[in-house]
Amino acid sequence: MTEAANSAHTPTATDGPATNLPRQWAEAADRDAPPLAGDERAILTGFLDWHRTTFELKCSGVPAERLSDRGVPPSELSLHGLVRHLAEVERFWFRMQFAGHEVPFLYFRADNPGEDFRALDGDPEAALGVWRAECARSRELVAAAPSLDETRVHLLTGEPVSLRGILVHMIAEYARHNGHTDLLRERIDGAAGY
């Protein structure tokens, strides 16, 4: 290793403008940054809410008729389909799986897997309202749980699953789909950023 490599600079808050950082989403000025310190519940729920807000920001400002664009062929993904899918995921993991509520699926059909992504009937703005309502219910259920260690039997596998595991799974779910949302939104109007 060279001497220059051994004496690499450690960045500090006084290292000048952040011109080399990725561009932030234009409308994200009011979005709270996810917590980097705090207890486990605050960090997990903070990161999940950050991803939810990021997803909503990337769907905002798009004309309703463009939310259903499948802009990255051959993928069938669209912003509208992702809204439907994430509403379904919120409902399944928090209401059905964790809380044990006997509620029907919103869009999923056993005889037509992937319908939440593919069937784009209905008003995309109404789908966003359904997604927001499911997120609100999820937040209430998590806030009411006395511990992240609370465990249920997974409805599909029969294996134990804790609230902690559900939160981590949901962060990964949103992170993956926020990447899809980046591509779709950029194809619609060129908007980009984190």
Side-chain angles (χ1 to χ4, degrees), residues 25 31 44-45 47-142 152-159 161-189 191-192 194:
W25 191 258
R31 176 183 59 180
L44 291 176
T45 58
F47 267 86
L48 180 53
D49 274 333
W50 185 86
H51 276 293
R52 287 170 174 148
T53 302
T54 299
F55 177 73
E56 185 164 16
L57 283 170
K58 291 183 182 232
C59 291
S60 66
V62 177
E65 67 274 6
R66 300 292 312 269
L67 287 169
S68 296
D69 285 4
R70 292 181 169 123
V72 190
S75 171
E76 293 185 294
L77 290 178
S78 68
L79 295 175
H80 185 183
L82 286 168
V83 168
R84 291 166 49 107
H85 173 71
L86 289 170
E88 192 78 84
V89 169
E90 291 274 355
R91 176 175 279 214
F92 173 78
W93 281 102
F94 291 108
R95 292 180 72 192
M96 299 166 80
Q97 174 59 63
F98 181 70
H101 294 170
E102 292 187 16
V103 293
F105 284 107
L106 293 164
Y107 308 106
F108 174 79
R109 304 289 175 265
D111 62 344
N112 189 8
E115 183 175 357
D116 48 350
F117 289 115
R118 287 192 295 271
L120 300 179
D121 54 323
D123 176 19
E125 288 297 328
L128 275 164
V130 170
W131 170 76
R132 287 182 192 110
E134 290 299 328
C135 289
R137 288 185 190 102
S138 298
R139 286 183 192 99
E140 291 168 2
L141 292 168
V142 172
R152 306 290 187 266
V153 174
H154 193 290
L155 296 171
L156 303 177
T157 67
E159 298 293 321
V161 60
S162 68
L163 179 55
R164 177 182 295 102
I166 291 170
L167 288 168
V168 170
H169 172 81
M170 291 297 291
I171 291 166
E173 183 86 17
Y174 273 93
R176 177 174 50 253
H177 291 313
N178 276 337
H180 298 140
T181 304
D182 286 336
L183 295 172
L184 291 164
R185 180 63 189 265
E186 194 166 1
R187 293 287 297 193
I188 290 171
D189 62 8
Y194 73 93

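The shown structure was predicted, so the numbers you read here are calculated from the model rather than taken from an experiment. Computed over heavy atoms, backbone and side chain alike; hydrogens, waters and symmetry mates excluded.
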Within a strict 4.5 Å, meaning less than it, do heavy atoms of the [X] and [Y] side chains meet?
X: Lys58; Y: Leu79; result: no
X: Thr181; Y: Leu82; result: yes
X: Arg139; Y: Arg52; result: yes
X: Phe47; Y: Val168; result: no

Contacts satisfying salt bridge (Lys or Arg N to Asp or Glu O under 4.0 Å) that involve residues 76-88 (not counting sequence neighbours) are Glu76-Arg118, Arg84-Asp121
Residues 92-101 vs salt bridge (Lys or Arg N to Asp or Glu O under 4.0 Å), sequence neighbours excluded, gives Arg95-Glu134
inquiry  = Checking Leu106 against Asp116 for the side-chain contact (heavy atoms from CB on, under 4.5 Å) test, could you report, in this order, the C-alpha distance in whole Å, the side-chain angles of both residues, the deciding distance, and whether it holds?
reply    = CA-CA 8 Å; Leu106 293 164; Asp116 48 350; over 6 Å; no
Only counting residues at least two apart or in another chain, list the ones meeting side chain to side chain donor-acceptor pair (under 3.5 Å) with [X].
X: Ser138; answer: Glu90
X: Asp69; answer: Arg66
X: Arg109; answer: none

What residues, two or more places apart in sequence or in another chain, satisfy side chain to side chain contact (heavy atoms under 4.5 Å, CB included) together with [X]?
X: Arg187; value: Val72
X: Glu125; value: Leu67, Asp123, Leu128
X: Pro104; value: Arg91

Here the gap from Thr45 atom OG1 to Trp50 atom CH2, rounded to the nearest 0.5 Å, amounts to 15.0 Å
One should read off an interatomic distance between Arg70 CZ and Leu77 CG, to the nearest 0.5 angstrom, of 9.0 Å
For residues [X] and [Y], report the shortest heavy-atom separation together with the two atoms involved.
X: Pro124; Y: Ala64; value: CG-O, 3.6 Å
X: Arg185; Y: Ala191; value: NE-CB, 3.8 Å
X: Ile171; Y: Leu44; value: CD1-O, 3.5 Å

From the list Leu48, Leu86, Asn178, side chain to side chain contact (heavy atoms under 4.5 Å, CB included) with Glu173 holds only for Leu86
Residue pairs meeting ring pair (Phe, Tyr, Trp, His ring centres under 6.0 Å), one or both in residues 62-86, sequence neighbours left out, come to His85-Phe117, His85-His177
### Task
State whether the side chain of Gln97 and the backbone N or O of Val153 hold a donor-acceptor pair below 3.5 Å, judged by distance alone.
yes
Partners of [X] by ring-ring contact (aromatic ring centres under 6.0 Å, His included), sequence neighbours excluded?
X: Phe98; result: none
X: Trp93; result: His154, His169
X: Phe55; result: Trp131

### Task
Walk me through it: do Phe92 and Leu156 pass the test side-chain contact (heavy atoms from CB on, under 4.5 Å)?
CA-CA 11 Å; Phe92 173 78; Leu156 303 177; 4.3 Å; yes
Practice item. Verify side-chain contact (heavy atoms from CB on, under 4.5 Å) between Leu163 and Phe94, making sure each step is shown before the conclusion. Key: CA-CA 9 Å; Leu163 179 55; Phe94 291 108; 4.2 Å; yes
